[in-house]
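This report concerns only the one structure given below.
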Protein chains: 2
Amino acid sequence: MTQQVEEATRRTPLNRDRVLSAAVVLADEAGIESLSMRRLAQELGVVPMALYKHVANKEELLDGMVGVIVGEIDPPVSGADWRNAVRLRILSARRSLLRHPWVRQVLESRTNRTPAVLGYVDSFIGMFLAGGFSVDLTHHVMHALGSRMWGFTQELFDDSANAASAPVTAETQAAMFQEMATRYPNILEVAMAAKHDDGSVVGQGCDDQFEFEFALDLLLDGFGRFHDQGWTSKRAKLAK
Amino acid sequence: MTQQVEEATRRTPLNRDRVLSAAVVLADEAGIESLSMRRLAQELGVVPMALYKHVANKEELLDGMVGVIVGEIDPPVSGADWRNAVRLRILSARRSLLRHPWVRQVLESRTNRTPAVLGYVDSFIGMFLAGGFSVDLTHHVMHALGSRMWGFTQELFDDSANAASAPVTAETQAAMFQEMATRYPNILEVAMAAKHDDGSVVGQGCDDQFEFEFALDLLLDGFGRFHDQGWTSKRAKLAK
DNA sequence: CCCGATAAGTGTACTCCGTACACCTGTCGG
DNA sequence: CCGACAGGTGTACGGAGTACACTTATCGGG
């Protein structure tokens, strides 16, 4: 009798997609470090071991989550030259990854050879080949792109965690400044030049999107030059 | 009486450096994933909590370990032009990091603002400034370098774990090949072209060092071009 | 109409992790 | 000689991933 009400509360018997979606939401909202099997189960109103009926283990869960995000990336635009196709695709990937910052860490931390990732890489290679790149050059170009293919760069000094930290007093600020000035004068100089209006000393105040596109275009320009001049690795190796 | 012998066995009362060195050795030999405070303590013939007298916590241990490796990187060569100075330094860093593969993961997984890392970055910036680069261009150039400053690239498909895995039968090999051919034809094509003599299907058979230098030189060439033509970010932004 | 197979969810328990905290011990300067 | 202090110990806690044995719900066929 009372049974019926409880059953209605938690219907839809939980499947792989619901598990993955919930995991993505949890990682988005609480951070990847808060994503544990136990926490995820709790979020789904279920006992931890129930998840293992839908994913083999945590590794596979992470793989699946990456797959979900990779699925959000726009497919290659058709009818564009290779440069624009690649560029737009990467910027689309970047938009997806910026919405889900945890993906970066997951992609970096483990070898990822899931169908979703392989599919993305494959279509990526396809854009170069379709653009007339030789298989040889395409290979090296893919290595040169590296993780930039996903739309992210290694951030040396990620200041994104600053919001939560305690407000620094003027004295500490001054002391840090002094410390930097004597120990790391070059970093300081660059950081000072980069800061626009906010008063932060190191990092930020610089336009990440601009930095990314700067490096990306630099690479793409290089690729194009090599392509135009019929570069081959054999010739390059002989020239050394 | 027997006391004396035991005490002689484990002399030298353990200090920060010994802890860090042991941690580095352990990570080198057993992999970073096997490095736990308990395991490390055991290796040092000490109880786990003893370590906390020398490092605040595991994070600081990892920071210290990175510091040890960064300390192994050659200082900038003097009297070279910026390009050679940067190139040689990066290749030196690469040699160090290849000896200690775990550093890559540690550097990637966390924001690293230790003195050792800051010092490295600072001296790195210094090489560009000394080469006549504007502060502005240096800033963007550092972003473009990203983790390549450390001598590593994001490896999409790291096959280094293959040695330990079970030998695949001819049938499985063939099945995998078939799978690849239909699902990821472009990856397959590139992989086939890259393989030299070994029979592996995906990855390896390609010269990682060559790939790295290919990308590095491409970037350095771009940097040089920008430098020569007096590039500034302001002008670049206006041009868009 | 029941029945057994299969899928989904549960409960308990194990091992391993980082580390807080109270304690002991050996050394050394006053 | 003594007391402070640095270095090492022992115990314990909470949290992680997950193995394994179990109940329960569903449903097609005799």
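Naming: A, B, ... by sequence-line order, numbering from 1 per chain.
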Sub-4.5 Å side-chain heavy-atom contact between [X] and [Y]:
X: B:P115; Y: A:R183; answer: no
X: B:L61; Y: B:M37; answer: yes
X: A:H54; Y: A:D17; answer: no
X: A:I32; Y: A:V103; answer: no

B:R95 bridged to B:E72 by N-O distance under 4.0 Å: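 Looking at B:E72 together with B:R95, the answer is no, because their closest N to O distance does not fall below 4.0 Å.
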Pairs under 3.5 angstrom, nitrogen or oxygen only, protein versus nucleotides 14-17 of chain C, please.
from: C:dC17; atom 1: OP1; to: B:S36; atom 2: OG; distance (Å): 3.1

What are the residues of residues 47-54 of chain A, sorted by number, that bring a heavy atom to within less than 4.0 Å of DNA chain C?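 Hits under 4.0 Å, by residue number: A:V47, A:M49, A:A50, A:K53, A:H54.
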Could you give the [atom1]-to-[atom2] distance, from [X] to [N], as a whole number of Å?
X: A:E60; N: D:dT18; atom1: CD; atom2: C1'; answer: 14 Å
X: A:L44; N: C:dT10; atom1: CG; atom2: C1'; answer: 15 Å
X: B:L40; N: D:dG8; atom1: CG; atom2: P; answer: 13 Å
X: A:L61; N: D:dA16; atom1: CG; atom2: P; answer: 14 Å
X: A:Q42; N: C:dG9; atom1: CD; atom2: C1'; answer: 17 Å

Could you pull out all donor-acceptor pairs under 3.5 Å where a side-chain atom in residues 141-153 of chain B meets a protein atom, sequence neighbours excluded?
from: B:H143; atom 1: NE2; to: B:H139; atom 2: NE2; distance (Å): 3.2
from: B:R148; atom 1: NH2; to: A:A144; atom 2: O; distance (Å): 2.8

A:R89 side chain vs A:D74 backbone, donor-acceptor pair below 3.5 Å: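 At least one qualifying donor-acceptor pair exists.
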Can A:R94 be said to sit on top of A:F212's aromatic six-ring, NZ or CZ under 6.0 Å from centre and within 45° of the ring axis?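 The answer is yes, since A:R94 meets both limits relative to A:F212.
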